[in-house]
Number of protein chains: 2
Amino acid sequence: MTTTEPAAAARRGRPGYDRDSMLEVVVEAFNERGYDATSLGVLAERLGLSKSAIYHHFASKEQMLEVALAQALDALEAVFDAPEATTGPVVSRIRHVLRGAVLVLCERKPYVTLLLRLRGNTPIEQEAMRRRRAIDAKMRALFEASRDEGTLRADMDPRIAERLTFGMVNSIVEWYRPDGPISPEELAESVLQLVRTGLREPSSL
Amino acid sequence: MTTTEPAAAARRGRPGYDRDSMLEVVVEAFNERGYDATSLGVLAERLGLSKSAIYHHFASKEQMLEVALAQALDALEAVFDAPEATTGPVVSRIRHVLRGAVLVLCERKPYVTLLLRLRGNTPIEQEAMRRRRAIDAKMRALFEASRDEGTLRADMDPRIAERLTFGMVNSIVEWYRPDGPISPEELAESVLQLVRTGLREPSSL
DNA sequence: GTCTATATTGAGATAGAC
DNA sequence: GTCTATCTCAATATAGAC
C-alpha cells in the first residue's frame with residue numbers, strides 16, 4: 001500500500017484533501033441537509049476524517065460557506081458584467097443574461113444552490129445576499145429598458161416579469177441533474193422559448 | 001370544543017396564546033431564519049414567553065413544523081383535487097391549478113414557504129415532501145395530456161415545461177408581500193399570461 | 001398557561017501529539 | 001494532514017411550583 005499520493009483532488013479514499021476537493025464534499029452535504037442542519041460531525045463522517053482535521057483547511061464552518069458562495073457570485077457577476085450584457089439591443093442583452101444565468105446555475109449548481117437558500121443570519125450571509133440583490137437589480141433594469149422601448153408586453157409590470165422570470169431560472173437548481181439527459185444549453189434554450197413566446201402551441205392559440 | 005375564549009389569535013401582548021396564534025409567530029420566525037437556525041430561545045423571545053411555556057402548546061419543535069406543513073399541503077391538495085382540476089378541457093384544468101396554486105401560495109404564504117424549503121431531514125419532513133411530489137406528479141400529468149392533445153408547444157418537453165412553470169410559481173414566496181400593491185388575483189393573471197404567450201410585446205415579434 | 005430551574009445532549013472549536 | 005482528547009456553550013426538552 002502506497003503511503004504518498006501526489007494529487008489530492010480526485011481521491012475518494014481516506015486522506016489527502018485539499019481545500020477545493022474538501023469543499024466539494026462539504027457543499028454537497030450542505031445542500032442535502034441544509035447548512036445549519038449539517039454538523040461538523042456529519043461532515044467529518046462524509047469526508048472520512050475527524051472533525052478537527054477539517055480545521056486544517058477551513059478556519060470555521062462559516063468560512064466554508066463564504067468560499068462556496070464566492071464561487072457562485074463571481075460567476076454570476078461575470079455574466080452580468082460581460083459586454084454582451086451591457087451593450088447592444090436590450091432584447092439581446094436579456095437573452096444573454098438569461099442564458100448565462102442558466103449555464104452558471106447548471107455548471108456550478110451546488111454553489112448557486114447554497115446562495116439561493118441563504119437567510120441572512122450572519123454578516124457573511126448578508127453580504128452575499130447584497131451581491132445577489134445587485135444582480136437582481138441589473139436584471140430588473142434590463143426588463144424596464146425593454147418595457148421602455150416597447151419590446152416587453154405592455155400589459156405586464158416589468159418588475160413582476162423580472163421576478164417571475166428569474167424565479168423560474170433559479171428554481172432549476174431544485175431538479176437539474178448534471179448527469180441527466182438534458183444539457184445546460186438545451187435547458188437555456190427552453191427557458192428562452194418559454195419566456196419569449198410561452199408554452200402554447202401557436203396553432204392552438 | 002373550542003370557544004370558551006372567542007379568539008386569542010389577534011392578541012399581541014404577553015399572555016394568552018392558543019395553538020394557532022402561537023404558530024403564526026413561530027412560522028414567521030422559521031421563515032426568517034430557517035427552521036434549523038431558529039432556536040426555542042429565539043421563539044420564546046419573539047413570543048414574549050419562556051421556552052418551557054411553548055411546550056404547553058406543542059410537544060416538540062418538530063410538531064410545530066408538522067402542523068404548519070399540513071396547512072400548506074391541505075390547501076394545495078384541495079386545488080388539485082377540485083372538480084375544475086380533474087374534468088373539462090386540459091387547458092382549463094391547467095389554468096385552474098396554476099391560478100389556484102398562486103392563490104394558495106399568496107394566502108398561506110408562510111406555511112407554503114416552509115414546505116418549499118424542506119430538505120427531508122426527518123420522517124415528518126420526508127412525508128411532507130412525498131405529498132408535495134404527488135402534487136407535482138398531477139401537474140406533470142396535466143402538461144403531458146396537453147402535449148398529447150397538441151395544445152402544448154411541440155418543441156418543448158412537457159416535463160421541463162412543468163418544472164419551469166411550477167418553479168416560477170413557487171418562487172413567488174420569495175418576494176410576494178400580502179400588504180403590497182399587487183393582489184393575488186393580479187399575480188395569478190400575470191403568471192397565466194407569461195405561461196401562455198410569453199413576455200414579448202406581440203407587435204415586436 | 002406560564003414560570004424558574006435543570007437535565008442532557010450535541011454543537012463548533014482548540015491543543016498538542018504524530 | 002490527520003489524529004485523540006477536551007473545552008465551552010447553546011440546543012431541546014423535562015420537572016414541578018404558581
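Numbers restart at 1 for each chain; the letters A, B, ... are given by sequence-line order, proteins then strands. Note that these values count all heavy atoms, side chains included, but never hydrogens, waters or copies made by symmetry.
Residues satisfying the salt bridge (Lys or Arg N to Asp or Glu O under 4.0 Å) test with B:D74, not counting sequence neighbours, are B:R131. Residues satisfying the salt bridge (Lys or Arg N to Asp or Glu O under 4.0 Å) criterion with B:R159, sequence neighbours excluded, are B:D157. Every residue two or more places apart in sequence or in another chain was checked for a salt bridge (Lys or Arg N to Asp or Glu O under 4.0 Å) with B:R19, and none qualifies.
Between B:L47 atom CG and C:dT2 atom C1' there is a gap of 12 Å when expressed in whole angstrom units. Across the protein-nucleic acid pair, A:D20 atom CG and D:dG1 atom C1' stand 16 Å apart, rounded to whole Å. Rounded to an integer number of Å, the gap from CG of A:N121 to P of C:dA11 is 18 Å. C:dT2 atom C1' lies 16 Å from atom CG of B:L43, rounded to whole Å. Atom C1' of nucleotide D:dT12 and atom CG of B:L40 are separated by 6 Å, given to the nearest angstrom. If you measure from atom CZ of A:F30 to atom C1' of C:dA11, you get 13 Å, rounded to the nearest angstrom. Taking atom OH of residue A:Y35 and atom P of nucleotide C:dA11, one finds them 14 Å apart after rounding to whole Å. One interatomic measurement links the two molecules: CD1 of A:I54 to C1' of D:dC3, which rounds to 13 Å at whole-angstrom precision.
Salt-bridge check for A:K51 with A:E45: failed, with every basic side-chain N at 4.0 Å or more from each acidic carboxylate O.
Legend: ring pair (Phe, Tyr, Trp, His ring centres under 6.0 Å) pairs involving residues 53-98 of chain A, not counting sequence neighbours: none detected.
In this structure, the nucleotide among C:dG12, D:dT2, C:dT2 sitting nearest to the side chain of A:L49 is D:dT2.
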Reading 5' to 3' through nucleotides 4-10 of chain C, protein heavy-atom contacts under 4.0 Å coded B for base, S for sugar-phosphate only, - for none: B------
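With 3.5 Å as the limit, one finds a donor-acceptor pair spanning the side chains of B:T151 and B:E149. Side chains of B:E84 and B:S92: a donor-acceptor N/O pair is absent below 3.5 angstrom, by distance only. No donor-acceptor contact under 3.5 angstrom links the side chains of B:T87 and B:R93, judged on distance only.
Of the residues in residues 56-71 of chain A, A:H56, A:H57 come within less than 4.0 Å of DNA chain D through at least one heavy atom, sorted by number.
A side chain to side chain contact (heavy atoms under 4.5 Å, CB included) with A:Y111 holds for exactly one of A:L73, A:V67, A:L69, A:L23; it is A:L23.
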